[in-house]
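The structure appears right after this line, and notes come after that.
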Amino acid sequence: MEKTIAAISTASGNGGIGIIRLSGRQTFEIIKKIFVPKNKNNSIKGYTIKYGYIVNPTNNEVIDEVLVSYFVSPKSYTTEDMCEINSHGGMIVEKRILELCLQNGADLAEPGEFTKRAFLNGRIDLSQAEGIIDLINSRTDMEAKESINQLEGNLSKKIKEIEKEMLDITVNIEVTIDYPEYDVEEVTNDNALKSLNKIENLLEELELSFNKGKIIRDGIKTVIVGKPNAGKSSLLNALLKEDRAIVSDIAGTTRDTIEEYLNVDGIPIKLIDTAGIRDTENKIEKIGVEKSKKLIDSADLIIAIFDISEKFDSDDMEILKLIEDKKAIIVLNKIDIKNENSDFETRLSGLNKPIIKISAKEQIGFNNLYNEIKNMFELNEISNNNEVLITNERHKNQIIKAKNHINEAINTIKNNMPVDIISIYINEAMQDLGEITGENVSENIINEIFSKFCLGK
Ligand code: GDP
């Protein structure tokens with residue numbers, strides 16, 4: 001019989017409540033042994049909660065006062081019978097309740113095993129399960145939203161549509177092969193070519209969406225450049241202050257740069273070389289133009305900041321040269337200082353880059369800056385359209401494989417090879433996509449995916 005599993009599902013440490021989860025056929029049996037409800041009514045109904053005490057059946061010791069939620073198969077997270085014991089938070093209590101579950105017939109769940117069961121039992125597919133991991137690990141609103149999108153099955157739906165197109169072509173080809181006397185091969189080839197081109201485009205669109213997806217996931221790699229005293233650290237500090245939660249300080253061990261992940265106005269930003277900025281000396285001079293170039297080349301976005309209370313000079317020119325062909329925003333800082341002679345705007349007007357005026361000191365103009373970033377990376381569209389984005393490297397690789405197979409199918413037709421060979425390539429492409437949703441995926445890949453989950457999920 002399939003094991004009944006148990007685990008602590010809340011984060012370790014002291015909290016308001018802790019949740020111990022059970023899933024499997026023996027769930028209600030085990031609960032009956034260790035839980036004494038206040039109300040002696042023994043009936044079990046799904047989506048109900050009972051109040052009572054967890055009691056060690058061997059010595060009648062009361063472990064905790066709890067609420068137990070019941071989920072009756074198939075209406076549960078795993079589709080199996082499930083219970084969630086809501087205990088008082090705290091490591092000792094949670095651990096003792098878990099131990100009681102284990103002593104009374106449950107096995108300790110592996111990381112991700114609850115979700116793995118939901119997948120194996122057919123409630124969710126693999127890409128939805130991966131959406132759950134991403135949701136848990138989300139660092140910004142936007143990333144969470146995209147994960148929910150995937151969790152709801154929007155990626156799977158899109159993949160299924162493409163698979164359906166592929167299937168239609170192979171069915172048509174089968175007909176041609178089965179009834180050669182009708183001599184429909186030419187027509188079939190024409191139609192197949194049209195469909196294959198359409199499929200190739202759809203796959204390409206998905207593949208390209210990875211770039212946007214990657215930005216949502218990893219943040220917009222941003223470098224702030226500017227002369228000494230232009231206001232780089234003031235801007236940096238203002239951005240840091242806006243951030244509701246700095247999630248990580250990633251100290252680059254191999255490179256001498258520091259990256260900071262920010263969530264500014266819902267925009268995921270990964271600032272590069274904040275250490276260099278905090279250095280008050282001229283970064284560009286100090287680290288050399290070569291290194292600045294490298295930083296700038298590796299960035300998704302450059303914020304070039306200028307002090308418009310000063311006159312435009314050759315150093316400013318140098319900076320403009322560095323960002324010439326790059327995705328960059330020009331920020332004119334210190335607009336709170338009146339400078340009638342400023343020639344910045346005329347100097348910069350022909351550059352074809354967005355110009356935003358701010359005062360880092362007085363915190364003026366920041367919303368314009370955020371909106372410009374959202375525009376540049378089409379972030380508003382993402383939140384409005386529920387567009388399907390690929391955020392997962394594994395998915396992207398499968399899509400590229402499928403696209404290559406479709407390409408081979410197209411070449412086969414163009415080279416007038418026998419139609420049954422087209423079928424072979426299309427089948428391969430369908431297999432490739434099937435690995436995204438998990439229809440045909442090896443045990444190893446499944447295990448690897450679920451091992452990334454936390455315990456109790
Ligand atoms: P960095 O060398 O580029 O990092 O420049 P800082 O951020 O250290 O700023 C240099 C000087 O300019 C500091 O004295 C700041 O207080 C001042 N400063 C920065 N932004 C503004 C601003 O918007 N208005 C005014 N009036 N001063 C500013």
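Positions are given from 1, in the same order as the sequence printed here. Because only heavy atoms are used, hydrogens play no part in the values below, and waters and symmetry mates are left out as well, while side chains stay in. No experiment lies behind these values; they were computed from the predicted model shown. Whatever order the structure lists ligands and atoms in, that order sets their numbers, starting from 1.
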Does a side chain donor of either E94 or S87 reach within less than 3.5 Å of an acceptor in the other side chain? no
Quick one about S442 and N444 (side-chain donor to acceptor, distance below 3.5 Å, no hydrogens or angles considered), yes or no? no
G226 heavy atom under 4.0 Å from ligand 1: no
Of S309, S234, A360, the one whose closest heavy atom lies nearest atom 7 (O) of ligand 1 is S234
Exercise: do S127 and S156 side chains pair donor with acceptor under 3.5 Å: yes
Quick look: N333 vs ligand 1, heavy-atom contacts under 4.0 Å, and the answer is side chain
* How about R394 and L126: do any of their side-chain heavy atoms sit closer than 4.5 Å? -> yes
- Task: Using a 4.5 Å cut-off on heavy atoms from C-beta on, say whether the side chain of E84 contacts that of V68.
- Result: no
S359 heavy atoms within 4.0 Å reach ligand 1 at atoms 22 (C), 23 (O), 24 (N)
Counting from 1 in the order shown, the ligand 1 atoms closer than 4.0 Å to a non-hydrogen atom of K232 are 1 (P), 2 (O), 3 (O), 4 (O), 5 (O), 7 (O)
So for D336 against ligand 1, with non-hydrogen atoms under 4.0 Å, the contacting part is side chain
Would you say G231 has any N or O atom under 3.5 Å from an N or O of ligand 1, going by distance alone?
-> yes
Near K227 (heavy-atom distance under 4.0 Å), the atoms of ligand 1 are 3 (O)
* Student check: side-chain heavy atoms of F71 and Y77 closer than 4.5 Å -> no
